[in-house]
Amino acid sequence: WMPNWIDLEFDPVMRLPLDPSWRALEDYLASLRTKSRTKVKRILSCSESCSLEEWDLAMVTAHAQDLYDLYLQVYDEASFRLGSLLVEDLVAAKHRWGDDFKVQVIRHGDRLVAFQCGYVTRTTVEAFFVGFHRGLNRDLSLYQRMLVEFIRWGIESGAREVVMGRTALDIKSSVGALPEHWYCSVHFKNLLLQYGARLAARQYWPRSERLKRPWKQDAYPMTHPPVTKDAWV
């Protein structure tokens, strides 16, 4: 909008608008196309042998290292790393936010195999970090199950949306998350930095992916999308 300012675009943020009329996960499932609804039910079936627990501050503090070890299994395999979680961060977030920072773990038998955490406000559920056992992820659909659980959190808390972040776009779109394009405009007084930013803007652009479109045409997320529809298929 202004001379000499440069637009830098990032990978989209995946958001899922929640229908205010939804009262349970079954309402969300009913808004999906048959094929996508079957896929989500299969995710639930794969993890049927698992149990889910919500942990309070005492449990998070006592088992912080166990959670961190699961997180590292995900972090070490990440292709892009902007920052990292520290073991103390989970305890500090739970201490500061209390019930508004949910930490949920997944057990398979007596074994801790996954965890997820996120912030729950009056309007939004925002996913934070997850961790899971790499060797069991495929058989138990651990990551997909956690995405479904984030949706359940949002419905049960009466939130308007679930924000799932900027990674694993295809998997998140398969459970209904929609892409919201994000960019910022920058201007540097330092001419060298300005030139570098302009060069970066020309050479780097977020990869355009044809994401899954699991919703029925008249579903709430389709009538209240966060972005244009040209990224979906």
Side-chain angles (χ1 to χ4, degrees), residues 10-11 13-18 20 22-25 28 47 50-137 140-168 171-172 175 177 180 182 184 226:
F10 305 93
D11 289 337
V13 173
M14 301 300 287
R15 296 178 179 268
L16 197 164
L18 299 174
W22 292 347
R23 293 293 179 266
L25 193 67
Y28 149 77
S47 54
C50 297
S51 60
L52 284 71
E53 304 171 8
E54 185 175 339
W55 279 4
D56 58 15
L57 176 60
M59 288 295 289
V60 172
T61 303
H63 300 280
Q65 188 61 51
D66 296 327
L67 300 180
Y68 188 67
D69 290 343
L70 289 171
Y71 159 75
L72 287 180
Q73 291 195 45
V74 177
Y75 178 78
D76 289 343
E77 295 292 328
S79 58
F80 176 75
R81 305 173 187 173
L82 186 60
S84 64
L85 181 72
L86 299 178
V87 66
E88 298 87 358
D89 293 338
L90 286 170
V91 177
K94 187 62 178 174
H95 181 266
R96 170 65 180 83
W97 287 82
D99 292 340
D100 293 335
F101 182 74
K102 293 187 67 170
V103 179
Q104 182 171 274
V105 302
I106 300 178
R107 292 186 183 277
H108 187 241
D110 294 331
R111 187 177 187 182
L112 183 65
V113 295
F115 86 96
Q116 63 190 105
C117 58
Y119 297 92
V120 180
T121 74
R122 288 179 296 177
T123 61
T124 305
V125 168
E126 180 132 9
F128 193 42
F129 284 102
V130 302
F132 52 82
H133 190 289
R134 280 283 178 182
L136 297 174
N137 181 49
L140 298 178
S141 295
L142 295 173
Y143 183 63
Q144 291 94 328
R145 177 60 188 269
M146 289 188 287
L147 295 180
V148 174
E149 289 303 311
F150 280 129
I151 297 170
R152 191 195 304 271
W153 292 6
I155 295 172
E156 292 180 350
S157 67
R160 298 175 187 170
E161 65 173 355
V162 178
V163 182
M164 295 185 178
R166 291 200 296 265
T167 60
I171 296 176
K172 290 171 181 175
V175 297
E180 179 183 24
W182 270 48
C184 67

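Because the structure is a prediction, the values reported are computed rather than measured. Side chains are part of it too, since the values below use all heavy atoms of this structure and drop only hydrogens, waters and symmetry mates.
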**Q** Can you pull out every salt bridge (Lys or Arg N to Asp or Glu O under 4.0 Å) where at least one residue sits in residues 140-160? Sequence neighbours excluded, please.
**A**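 Output for this query lists Arg145-Glu149, Glu149-Arg152.
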**Q** For Phe150, check ring pair (Phe, Tyr, Trp, His ring centres under 6.0 Å) against everything at least two apart and list the hits.
**A**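 If we apply the ring pair (Phe, Tyr, Trp, His ring centres under 6.0 Å) test to Phe150, skipping adjacent residues, the hits are Trp153.
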**Q** Could you walk me through whether Ser157 and Val125 pass the side-chain contact (heavy atoms from CB on, under 4.5 Å) check?
**A** CA-CA 9 Å; Ser157 67; Val125 168; 4.0 Å; yes
**Q** On a heavy-atom basis, which atom in Ala64 and which in Val91 lie closest, and how many Å separate them?
**A**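 In terms of heavy atoms, the two residues are closest at CB-CG2, 3.8 Å.
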**Q** To the nearest 0.5 Å, how far apart are CZ in Phe132 and CZ in Phe115?
**A**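 Reported to 0.5 Å precision, the distance equals 10.5 Å.
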**Q** Under the ring pair (Phe, Tyr, Trp, His ring centres under 6.0 Å) rule, collect the residues that match up with His63, sequence neighbours excluded.
**A**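 Checked His63 against ring pair (Phe, Tyr, Trp, His ring centres under 6.0 Å); matches are Trp55.
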**Q** Is any side-chain heavy atom of Leu85 closer than 4.5 Å to one of Phe128?
**A**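 Answer yes - side chains close enough.
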**Q** Keeping Gln116 on the side-chain end and Met146 on the backbone end, is there a donor-acceptor pair under 3.5 Å?
**A**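 At least one qualifying donor-acceptor pair exists.
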**Q** Which residues satisfy the side chain to side chain contact (heavy atoms under 4.5 Å, CB included) test with Glu88, sequence neighbours excluded?
**A**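 Only Leu86 meet the side chain to side chain contact (heavy atoms under 4.5 Å, CB included) criterion with Glu88.
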**Q** Looking only at heavy atoms, which two atoms of His108 and Cys50 are closest? And how far apart?
**A**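 Closest pair (atom of His108, atom of Cys50, distance): CD2-SG, 3.9 Å.
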**Q** With salt bridge (Lys or Arg N to Asp or Glu O under 4.0 Å) as the rule and sequence neighbours excluded, what pairs involving residues 111-127 come up?
**A**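 Listed once each, the pairs would be none.
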**Q** Please give me the minimum heavy-atom distance between Gly131 and Val74, naming the atom from each residue.
**A**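 Minimum heavy-atom contact is CA-CG2, 3.8 Å.
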**Q** How long is the gap from CE on Met164 to NZ on Lys172, to the nearest 0.5 Å?
**A**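 Met164 atom CE to Lys172 atom NZ measures 7.5 Å (nearest 0.5 Å).
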**Q** Is there a side-chain contact between Tyr28 and Val175 in this structure, where contact means two heavy atoms from C-beta onward sitting under 4.5 Å apart?
**A**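 They are in side-chain contact.
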**Q** Holding to salt bridge (Lys or Arg N to Asp or Glu O under 4.0 Å), I want the full list of residues that pass it with Glu54, two or more places apart in sequence or in another chain.
**A**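 Partners of Glu54 by the salt bridge (Lys or Arg N to Asp or Glu O under 4.0 Å) criterion, ordered by chain and then number, come out as Lys102.
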**Q** Mind checking the CH2-CD1 spacing from Trp22 to Ile155? Nearest 0.5 Å is all I need.
**A**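 Here the rounded value is 6.0 Å.
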**Q** Going by atom types alone, do Gln73 and Asp69 pair a side-chain donor with an acceptor below 3.5 Å?
**A**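 There is no such pair (donor and acceptor under 3.5 Å, judged by atom type) between the side chains of Gln73 and Asp69.
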**Q** Give, for atom OG1 of Thr121 and atom CD of Glu161, the distance between the pair rounded to the nearest 0.5 Å.
**A**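 One gets 8.5 Å once the value is rounded to the nearest 0.5 Å.
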**Q** Holding to side chain to side chain contact (heavy atoms under 4.5 Å, CB included), I want the full list of residues that pass it with Ala62, two or more places apart in sequence or in another chain.
**A**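 Testing Ala62 for side chain to side chain contact (heavy atoms under 4.5 Å, CB included), a comparison that skips the adjacent residues, returns none.
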**Q** Return a table of donor-acceptor pairs under 3.5 angstrom between the side chains of residues 94-101 and protein atoms on other chains or two or more places apart.
**A**
unit_1	atom_1	unit_2	atom_2	d
Lys94	NZ	Gly98	O	3.1
Lys94	NZ	Phe101	O	2.9

**Q** Mind checking the CG-CZ spacing from Asp11 to Arg166? Nearest 0.5 Å is all I need.
**A**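 Asp11 CG to Arg166 CZ: 7.0 Å, rounded to 0.5 Å.
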**Q** Which pair of heavy atoms, one from Ala159 and one from Leu18, lies closest together, and at what distance?
**A**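 Shortest heavy-atom separation between Ala159 and Leu18 comes out as O-CD1, 3.5 Å.
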**Q** For the residue pair Leu90 and Cys117, establish whether any side-chain heavy-atom pair is separated by less than 4.5 Å.
**A**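 Leu90 vs Cys117: side chains touch.
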**Q** Working to the nearest 0.5 angstrom, can you tell me the gap between Ser141 OG and Leu147 CG?
**A**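 CG of Leu147 is found 11.0 Å from OG of Ser141.
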**Q** Step by step, work out the side-chain contact (heavy atoms from CB on, under 4.5 Å) result for Phe129 and Leu67.
**A** CA-CA 10 Å; Phe129 284 102; Leu67 300 180; over 6 Å; no
